[in-house]
Every structure is written in structure tokens, then in C-alpha cells.
Student: 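Once you've had a glance at the structure underneath, I'll fire off some questions.
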Amino acid sequence: MNNREIVNTFNRVADMLSIRGDQIHRVLAYSKAAESIAALGRDINQVYAEGKLTEIPGIGKTLAAKIEEMLTTGKLEFYDRLSAEIPPSLVDLLRVEGLGPKRVKQIYDVLGVTTLDELTAVAQAGELSKLPRMGKKTEARLLAAIDALQRHGDGRTPLGDAWPTAQAMLAELEKVPGVTKTAVAGSLRRMKETIGDIDLLVAAEDAAAVMARFAELENIEAVTAQGPTKSRVVLFNGTGVDLRVLPPERWGTLISYFTGSKDHNVALRELALKKGLSLNEHAFTPLNGDPEILCASEEDVYTTLGLPYIVPQLREDRGEIAAAIAGILPELIQSSDIISDLHMHSTWSDGKMSILEMAQAARSHGRQFVVITDHSASLGIANGLSVERLRKQADEIAAANLAMGSGFAILHGTEMEIKADGTLDFPDDVLAELDFVIASLHTSLSQPREQVTDRMLNAIWNPHVDMIAHPTGRLLPDRSGADLDMDIIFESAAATGTILEVNANPQRLDLRDIHVRRAVELGIKLAINTDAHHVDHFDLLHYGVATAQRGWATAVSVVNTWSLEKFLAYIQRKPNK
DNA sequence: TAGTAGTGACTAACATTTGCCCACAAATG
């Protein structure tokens with residue numbers, strides 16, 4: 001069993017326990033454990049082999065035993081027993097907006113409904129509205145929610161899709177008279193790789209005018225809630241958008257609350273209570289009856305709690321509050337630190353622009369040097385380069401370097417296929433001619449873990465391979481990528497000095513945040529690259545930087561902060577070269 | 001259920017808004 005399967009099982013158990021009506025802390029224990037394992041950044045089998053399961057936050061003796069049972073037998077007896085009482089399919093009903101554990105239990109107990117189809121049938125027959133505390137309106141809302149679920153699913157939206165949508169909506173709301181501030185919040189502001197819904201904030205004295213304009217924006221299918229300070233709409237693509245409006249003097253607590261994460265908020269509020277303050281999105285309220293403390297800025301919120309400012313990217317309750325208290329928050333990598341881009345394509349393979357155009361655009365984006373890394377021959381679909389074309393490309397790079405003049409450098413590299421049999425697409429003597437060698441997986445990603453890991457190791461241990469691009473090959477939101485044994489990959493990358501990429505393309509964001517964190521802990525060198533196929537793609541860098549920040553990366557770990565001289569020296573003295 | 005203090009018991013997860021039915025469930029971070 002792998003991490004994901006255990007996470008799924010624990011989440012299902014948590015949902016089933018909440019439907020059964022178990023004590024909230026028992027439910028929380030399972031969902032907290034699931035979250036911890038999801039954020040682990042390493043293979044739980046490895047942690048188990050080291051006998052360190054209980055060192056995972058939220059895993060005690062009992063859950064460690066359950067994990068051991070799943071890892072050794074492939075099943076969980078407790079889950080089977082629970083299933084006899086609470087049909088596991090009931091968990092699916094919770095995905096319907098408007099249905100929580102209490103209602104699901106009631107619908108199951110009284111009507112015997114266990115699936116979405118059965119639920120639809122009883123709702124259409126009008127049976128649902130006969131239940132206590134359910135009426136015709138609720139019944140109609142649930143039918144609409146089921147319909148929406150079946151049309152759009154409840155999948156998450158990739159960051160790269162949600163970000164521009166949110167910015168466009170904010171641009172409209174900014175035009176409403178009386179609006180003084182606008183911002184995105186929620187998981188979008190924290191730059192999570194996928195987001196559940198879009199959260200927008202507006203500071204204005206007159207909320208009603210903003211709410212009215214919000215409901216009229218483009219692409220809105222339905223307004224599902226509209227109160228004095230809070231509205232919710234659903235876009236035609238199924239994405240939910242929440243808007244909250246408060247007066248500007250309460251902006252700090254508002255944006256802090258709405259940025260989350262939920263767990264981070266809970267931790268902040270606990271901390272506030274210890275200081276005799278109750279914290280909500282409006283203000284701090286002293287428990288002794290003193291007047292409330294307003295925070296116009298988010299910095300004020302943290303100052304009031306006696307903490308240094310914590311950037312949104314860190315607010316996942318993964319140790320950032322303890323680090324803030326201890327004064328050891330990392331000095332995170334910034335976009336302005338990045339002076340090179342080590343991965344991009346030209347018209348020689350599947351890029352859309354010439355080498356010179358790419359270089360000029362990179363310079364205008366503040367880069368001081370780039371590596372042209374077109375695909376290699378066996379990626380035929382991308383017009384990969386043969387050895388002959390690769391050598392010919394060197395001439396054009398020399399010419400482009402001349403055209404660019406001094407103060408900028410174009411290096412010659414390759415993004416070389418790691419083929420399905422594990423061999424590399426170019427022989428070592430050809431690789432030796434290049435300035436910089438990237439190896440990456442694009443095909444046969446679904447090979448068994450051992451096989452695909454071995455392929456990758458073969459590349460990492462090759463003395464000419466300087467970097468692994470987008471290591472897992474995942475594509476958001478749906479393709480999960482290769483099932484690599486990341487522990488071994490990291491070990492080998494550290495041993496050989498091989499750079500691992502944080503690919504900034506929002507479809508990839510690979511390495512992902514939790515793997516960045518693990519790599520940083522192990523002292524592995526990272527590169528944040530755009531993988532640009534077009535000059536417009538240089539604008540995507542911030543997604544990669546945010547992902548690195550979510551992994552607590554500092555400039556020390558990121559080779560794109562290095563001067564050309566330092567960079568060239570490093571890849572020359574790669575330990576196994 | 002985890003964590004803690006201590007080996008069985010106790011505490012722990014905050015605070016709000018909205019909709020709909022008529023006192024509460026669900027949803028938001």
C-alpha cells in the first residue's frame with residue numbers, strides 16, 4: 001500500500017465516523033492523520049521500516065498499528081467492521097453541497113438511501129421533503145447540487161487556471177465606487193497547486209454595491225448565497241467563488257482569516273486565546289471585556305499575537321507557527337533572486353520561438369543567462385533533435401550569443417529523454433560536448449515503481465547529467481505522474497550533486513511543495529525553471545517560486561540565484577563527472 | 001484518537017454567516 005491509499009482509507013474512516021456521529025475528536029484524529037501522511041514527502045513504507053511511524057505528527061500507538069496492518073496485510077479490519085455499520089458509499093453523499101453528516105445519517109436511517117442515484121430518486125419522488133427539518137426548498141437545492149456535482153464533479157481547479165480568473169474578477173470589482181482594497185485569499189493566495197474554490201476580498205464601506213456588482217459578473221451560472229457581508233456564486237465551469245466585504249479598518253483580520261489555512265487559523269486563534277484574546281475575521285476581542293482591537297493590516301494581526309509576519313505560502317500548519325515563535329522562519333526564495341533559466345525550448349523542437357527571441361525575452365524578464373534545452377530524438381512528437389541537428393544547433397547558439405552582445409549568455413543544453421528501457425537518448429561523448437544536460441521522463445510513466453525509479457537512477461548517476469526536469473512527470477489536475485521512490489531519488493541526487501527541478505509551469509509544479517521541503521532538508525540543489533515553449537511562458541516563473549516557497553526553500557538551495565561563473569563551476573565539479 | 005502525565009483519566013478544535021425551517025445543519029477559512 002502507498003501513501004495515497006492510506007490517506008484515502010483514513011479520510012473515508014473519518015467521514016464514516018462523522019456520519020455515525022462519533023465524538024468529533026475521534027473523527028479529527030483520523031483526518032489529521034490523513035493530512036499528515038499526505039504532507040509527508042516520503043514513502044510511508046520507508047518510515048515504517050525505520051520504525052518511526054509515531055514520529056509523524058498526529059500518529060500515535062493506535063493509528064501506527066492500523067498503518068502497520070494496512071502495510072503488511074493490505075487491508076484494515078477496523079474499516080471492514082465499520083463498513084458493516086455505515087455503508088462506505090454514504091461518504092459519496094457528503095460530496096453533495098448542502099449535505100453534511102447529520103443529514104446523510106438521517107436520509108440513510110429513514111429512507112435507506114446509500115447512493116447518489118437513490119438520493120436523486122427519493123428527492124424527485126418528494127420523499128426527502130417529508131423528513132423533519134427538510135422542506136421543498138432544501139429538496140430542490142439538493143437536486144440542483146447533485147446535478148452540478150454530476151456535471152462538473154467536485155475536482156479541484158489548477159492554480160494556473162484559477163489565478164487569471166480571480167484577477168479578472170477583482171479588476172471588475174475594483175471599479176465599484178467606494179472600494180479601497182481588493183485581494184484574492186484562500187488556497188489561491190497560499191498558491192496551492194490546485195484550489196477548491198476562489199476566495200475574493202473587498203474593503204469597502206458600502207458592501208451592498210459590491211455584492212450587487214459581483215452577482216452580475218461574467219461567467220456566473222448561479223448565485224448560491226447572498227448576505228450582507230458574504231456572497232457565493234458558481235461559475236459555468238463549476239468553480240465556486242466566495243466574496244466577502246468588510247470595512248477597511250478590519251482588513252487585516254479579514255484577509256488573515258480568509259487566507260487560512262483552516263488549521264493555521266485554528267492555531268492562531270488558540271494562540272490568541274492564551275493571550276486572553278478571541279480572534280475572528282472582524283477583530284481581536286479581549287476576554288476581559290476591553291474594547292476590540294482592530295487590525296488594518298495583516299502584519300498587525302501577527303504583531304498582536306507576538307509573532308513575526310508569516311507569508312501565505314507557509315500557512316499550512318506544518319510547523320510555521322513554531323518556527324515563527326522560535327524566530328527561525330526561513331528567508332524564502334524570491335522571484336527577484338532568480339537570474340537564470342535552465343530549461344526552455346525553441347523552434348528546433350516543439351518551441352514556438354527562435355533561440356534569439358527566447359534569449360531576448362529572458363533578458364527583458366531579468367535573466368542574465370539561459371540554457372536552450374530542446375528535446376532529444378526519441379521524443380518524436382516534439383520534433384526531438386538527432387545528434388546531427390544537436391551539433392548544428394550549436395552554430396545558431398553561437399550566432400545568437402553574438403547578437404545578444406555582452407552581459408548575457410546563452411548556453412547549449414538538451415532535455416534528453418530517459419527512454420522506457422532506462423537508457424539515455426544520447427551517448428556520453430555527445431553529452432560531453434554540451435554545456436548543460438537535463439534528463440527527463442515523458443513516456444512510460446506508469447511503469448511499476450521499481451522499474452521507473454531505476455530508469456531515473458540511471459540518469460542521475462550518469463556523470464554528464466546535471467539536472468532532472470519535472471521529476472515525476474505529473475500533469476495537473478489529472479495525471480499523477482510516475483510512482484517514483486522519492487527517498488532513493490533524493491538520496492542519489494544528494495550523493496551526485498544532481499540538480500532537481502521545480503518546474504514552474506502551473507500544469508506541472510514538479511517537484512511539488514512537500515517534495516521541495518524534503519529536498520531542502522536533505523541539502524539537494526534545486527532549480528526553478530519555466531520550461532518555456534514561448535516567450536509568454538517566462539511570466540509563469542512566479543508559480544514555481546511560490547511552490548518552492550511552500551517547500552520552505554531559501555536562495556541557498558536554488559541554483560538560479562547563482563552567477564554564470566558560479567553555476568559553470570558547480571556543474572564542472574559535479575562530484576561524479 | 002492523540003498527547004500528556006503517569007500506567008487509567010482527562011483534555012483537545014476557533015469562530016463566523018447563510019439558508020431554511022421554525023431550532024439547526026452546513027459551509028467557510
Side-chain angles (χ1 to χ4, degrees), chain A residues 10 13-14 17-19 21-34 36 53-67 78 93-107 129-142 145 184-190 192 195-201 207 211 223-232 240-246 250 253-274 277-285 287 301 305 312 315-317:
Chain A
F10 278 174
V13 168
L17 290 175
S18 76
I19 292 170
D22 275 44
Q23 214 194 62
I24 183 67
H25 295 107
R26 197 174 188 212
V27 176
L28 288 171
Y30 279 94
S31 62
K32 178 91 209 309
S36 259
L53 284 179
T54 54
E55 289 180 20
I56 301 170
I59 307 290
K61 240 170 59 181
T62 317
L63 288 186
K66 288 190 164 71
I67 294 170
F78 174 62
L93 301 190
L94 292 174
R95 294 164 55 212
V96 177
E97 197 169 343
L99 277 190
K102 298 259 173 66
R103 278 179 175 167
V104 167
K105 178 75 158 49
Q106 184 189 36
I107 291 166
S129 55
K130 293 181 189 162
L131 295 176
R133 297 205 43 74
M134 300 274 270
K136 279 289 168 200
K137 280 198 169 170
T138 303
E139 193 171 62
R141 281 171 69 93
L142 288 177
V184 297
S187 51
L188 190 50
R189 182 161 181 249
R190 302 198 309 276
K192 262 187 96 161
I195 59 132
D197 55 16
I198 294 175
D199 301 297
L200 303 178
L201 303 184
M211 294 301 181
V223 178
T224 54
Q226 195 164 27
T229 63
K230 183 179 164 185
S231 292
R232 180 176 174 84
V241 185
D242 284 306
L243 170 68
R244 194 116 171 192
V245 184
L246 280 186
R250 297 177 188 273
T253 42
L254 172 71
I255 192 168
S256 164
Y257 155 69
F258 226 160
T259 298
S261 65
K262 180 165 65 81
D263 293 330
H264 181 86
N265 287 351
V266 169
L268 287 188
R269 288 175 178 196
E270 285 174 351
L271 203 57
L273 283 177
K274 284 187 192 146
L277 299 166
S278 170
L279 170 61
N280 64 27
E281 59 266 48
H282 301 283
F284 285 98
T285 308
L287 299 175
V301 174
L305 291 168
R315 299 181 199 169
E316 298 290 347
D317 194 27

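Predicted model, so just to flag it, every value in this text is computed and none were measured. Here is how names work: the chains are called A, B, and so on, in the same order as the sequence lines, proteins then strands, and each is numbered from 1.
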Student: Take the angle between the ring planes of A:Tyr30 and A:Phe10 and call it parallel below 30°, perpendicular above 60°, tilted in between.
Tutor: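 It falls in the perpendicular class, over 60°.
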Student: When the C1' atoms of B:dG29 and B:dC20 are compared, how many Å lie between them, rounded to an integer?
Tutor: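 Pairwise C1' distance, B:dC20 against B:dG29, rounds to 24 Å.
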Student: At 4.0 Å (heavy atoms only), tell me whether A:Asp199 reaches a base, stays on the sugar-phosphate, or touches nothing.
Tutor: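 If one applies the 4.0 Å heavy-atom cut-off, A:Asp199 turns out to touch the sugar-phosphate alone, with no base involved.
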Student: Paired with B:dG6 by Watson-Crick or G-U wobble geometry, both distances under 3.5 Å: which nucleotide is it?
Tutor: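 No nucleotide pairs with B:dG6.
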Student: How many whole angstroms separate atom CG of A:Leu94 from atom P of B:dA27?
Tutor: 8 Å
Student: To the nearest Å, how far apart are A:Leu279 CG and B:dA13 P?
Tutor: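 In whole Å, B:dA13 P and A:Leu279 CG are 15 Å from each other.
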Student: Closest to the A:Arg244 side chain: B:dA26, B:dA15, B:dT17?
Tutor: B:dT17
Student: Could you check whether A:Asp22 gets within reach of a base, just the sugar-phosphate, or nothing at all, counting any heavy atom under 4.0 Å?
Tutor: nothing
Student: Do A:Lys102 and A:Arg133 have side chains that get closer than 4.5 Å, going by heavy atoms?
Tutor: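 No. Closest side-chain heavy atoms not under 4.5 Å.
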Student: If we take the P atom in both B:dT17 and B:dG6, what is their distance in whole Å?
Tutor: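 41 Å, rounded to whole Å.
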Student: Pairing check on B:dT17: which nucleotide meets the Watson-Crick or G-U wobble criteria with it, both distances under 3.5 Å?
Tutor: B:dA26
Student: What does A:Val96 touch in the nucleic acid at a heavy-atom separation under 4.0 angstrom: a base, only the sugar-phosphate, or nothing?
Tutor: sugar-phosphate
Student: OP1 or OP2 of B:dT28 versus the side-chain N and O atoms of A:Arg232: is any pair under 4.0 Å?
Tutor: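 Checking A:Arg232 against B:dT28: at least one side-chain N or O falls below 4.0 Å of OP1 or OP2.
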Student: Starting at the 5' end of DNA chain B, which residue's closest nucleotide do you reach first, A:Ser231 or A:Tyr30?
Tutor: A:Tyr30
Student: So, A:Arg190 side chain and A:Thr259 main chain: donor-acceptor pair closer than 3.5 Å or not?
Tutor: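 Between the backbone of A:Thr259 and the side chain of A:Arg190 there is a qualifying donor-acceptor contact (under 3.5 Å).
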Student: If we take the C1' atom in both B:dT11 and B:dT16, what is their distance in whole Å?
Tutor: 24 Å
Student: Report the distance from atom NZ of A:Lys230 to atom P of B:dG29, rounded to the nearest whole Å.
Tutor: 8 Å
Student: Assign A:Asn265 to base, sugar-phosphate, or nothing according to its heavy-atom contacts below 4.0 angstrom with the strands shown.
Tutor: base
Student: Any side-chain N or O of A:Ser278 below 4.0 angstrom from OP1/OP2 of B:dA15?
Tutor: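 So the side-chain polar atoms of A:Ser278 do come within 4.0 Å of the phosphate oxygens OP1 or OP2 of B:dA15, strictly under.
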Student: Starting at CG of A:Leu63 and ending at C1' of B:dG3, how long is that distance when rounded to a whole Å?
Tutor: 12 Å
Student: Looking at A:Gln106 and B:dA25, is any side-chain donor or acceptor paired with a base atom of the opposite kind under 3.5 Å?
Tutor: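 Donor-acceptor pair under 3.5 Å: no.
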Student: For A:Arg133, report the nucleic acid contact type (base, sugar-phosphate, nothing); a contact means any heavy atom under 4.0 Å.
Tutor: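 Answer is base: heavy atoms of A:Arg133 come under 4.0 Å of a base.
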Student: Which is true for A:Lys136 with a 4.0 Å heavy-atom rule: it touches a base, it touches only sugar-phosphate, or it touches nothing?
Tutor: sugar-phosphate
Student: Is any side-chain heavy atom of A:Val13 closer than 4.5 Å to a side-chain heavy atom of A:Lys66?
Tutor: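 When only atoms from C-beta onward are counted, A:Lys66 and A:Val13 do not touch, as no gap falls below 4.5 Å.
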Student: Counting the atoms with a prime plus P, OP1 and OP2 as sugar-phosphate, which does A:His282 contact under 4.0 Å by heavy atoms, base, sugar-phosphate, or nothing?
Tutor: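 Sugar-phosphate, no base atom in range.
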Student: Between the main-chain N or O of A:Met211 and the side-chain N or O of A:Gln226, is there a donor-acceptor pair closer than 3.5 Å?
Tutor: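 Between the backbone of A:Met211 and the side chain of A:Gln226 there is a qualifying donor-acceptor contact (under 3.5 Å).
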Student: Between B:dA25 atom C1' and A:Lys137 atom NZ, what is the distance in whole Å?
Tutor: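 Going from NZ in A:Lys137 over to C1' in B:dA25 covers 17 Å.
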Student: With a 4.0 Å cut-off on heavy atoms, is A:Arg189 in touch with a base, just the backbone sugar-phosphate, or nothing at all?
Tutor: nothing
Student: Between A:Lys102 and A:Pro132, just flag the one whose closest nucleotide in DNA chain B comes earlier from the 5' side.
Tutor: A:Pro132
Student: Checking the side chain of A:Glu139 only, and the main-chain atoms of A:Ser129 only, is there a donor and an acceptor separated by less than 3.5 Å?
Tutor: yes
Student: Rounded to the Å, how far apart are A:Lys192 NZ and B:dT28 P?
Tutor: 14 Å
Student: Regarding A:Gln23, tell me which of base, sugar-phosphate or nothing describes its non-hydrogen contacts under 4.0 Å with the strands shown.
Tutor: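 Contact class for A:Gln23: base.
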Student: State which of B:dC21, B:dA15, B:dA13 makes the closest approach to the side chain of A:Ile24.
Tutor: B:dA13
Student: With a 4.0 Å limit, can you tell me whether A:Ser187 has a side-chain N or O closer than that to the phosphate oxygens OP1/OP2 of B:dG29?
Tutor: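 Negative; the distance criterion is not met.
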Student: Which base, if any, makes a Watson-Crick or G-U wobble pair with B:dA12, both distances under 3.5 Å?
Tutor: B:dT1
Student: In whole Å, I'd like the distance from the CD atom of A:Glu270 to the P atom of B:dG29.
Tutor: 19 Å
Student: Kindly state whether the pair A:His25 / B:dA12 counts as stacked, where counting means centroids closer than 5.5 Å and planes tilted less than 30° apart.
Tutor: yes
Student: Would the distance check show the side chain of A:Ser261 and the main-chain N or O of A:Arg315 forming a donor-acceptor pair, the cut-off being under 3.5 Å?
Tutor: yes
Student: Between B:dA15 and B:dC10, how many Å separate the two C1' atoms, rounded to a whole number?
Tutor: 25 Å
Student: With a 4.0 Å cut-off on heavy atoms, is A:Ser256 in touch with a base, just the backbone sugar-phosphate, or nothing at all?
Tutor: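 Nothing, no nucleic acid heavy atom in range.
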Student: Could you tell me how far B:dA23 sits from B:dT18 if I compare only their C1' atoms? Round to whole Å.
Tutor: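 The answer is 15 Å between these two C1' atoms.
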Student: Looking at the side chain of A:Ala29, which of B:dT28, B:dA2, B:dA26 is the nearest nucleotide?
Tutor: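 Per side-chain heavy atoms of A:Ala29, the pick is B:dA2.
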Student: What interatomic distance, in whole Å, is found between P of B:dG8 and the corresponding atom of B:dC14?
Tutor: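 Looking at atom P only, B:dC14 and B:dG8 are 29 Å apart.
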Student: Which is it for A:Arg232 and A:Glu97 under the salt bridge (charged side-chain N to carboxylate O under 4.0 Å, His left out) test, yes or no, and what are the steps along the way?
Tutor: CA-CA 13 Å; A:Arg232 180 176 174 84; A:Glu97 197 169 343; 3.3 Å; yes
Student: Would you state whether a donor and an acceptor, one from the side chain of A:Tyr257 and one from the base of B:dT16, lie under 3.5 Å apart?
Tutor: no
Student: Once you apply a heavy-atom cut-off of 4.0 Å, does A:Thr229 come out as touching a base, just sugar-phosphate, or nothing?
Tutor: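 Sugar-phosphate contact only - A:Thr229 comes under 4.0 Å of backbone atoms but never of a base.
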Student: What's the CD1-P distance between A:Ile198 and B:dG29, to the nearest Å?
Tutor: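 Value for this atom pair: 12 Å.
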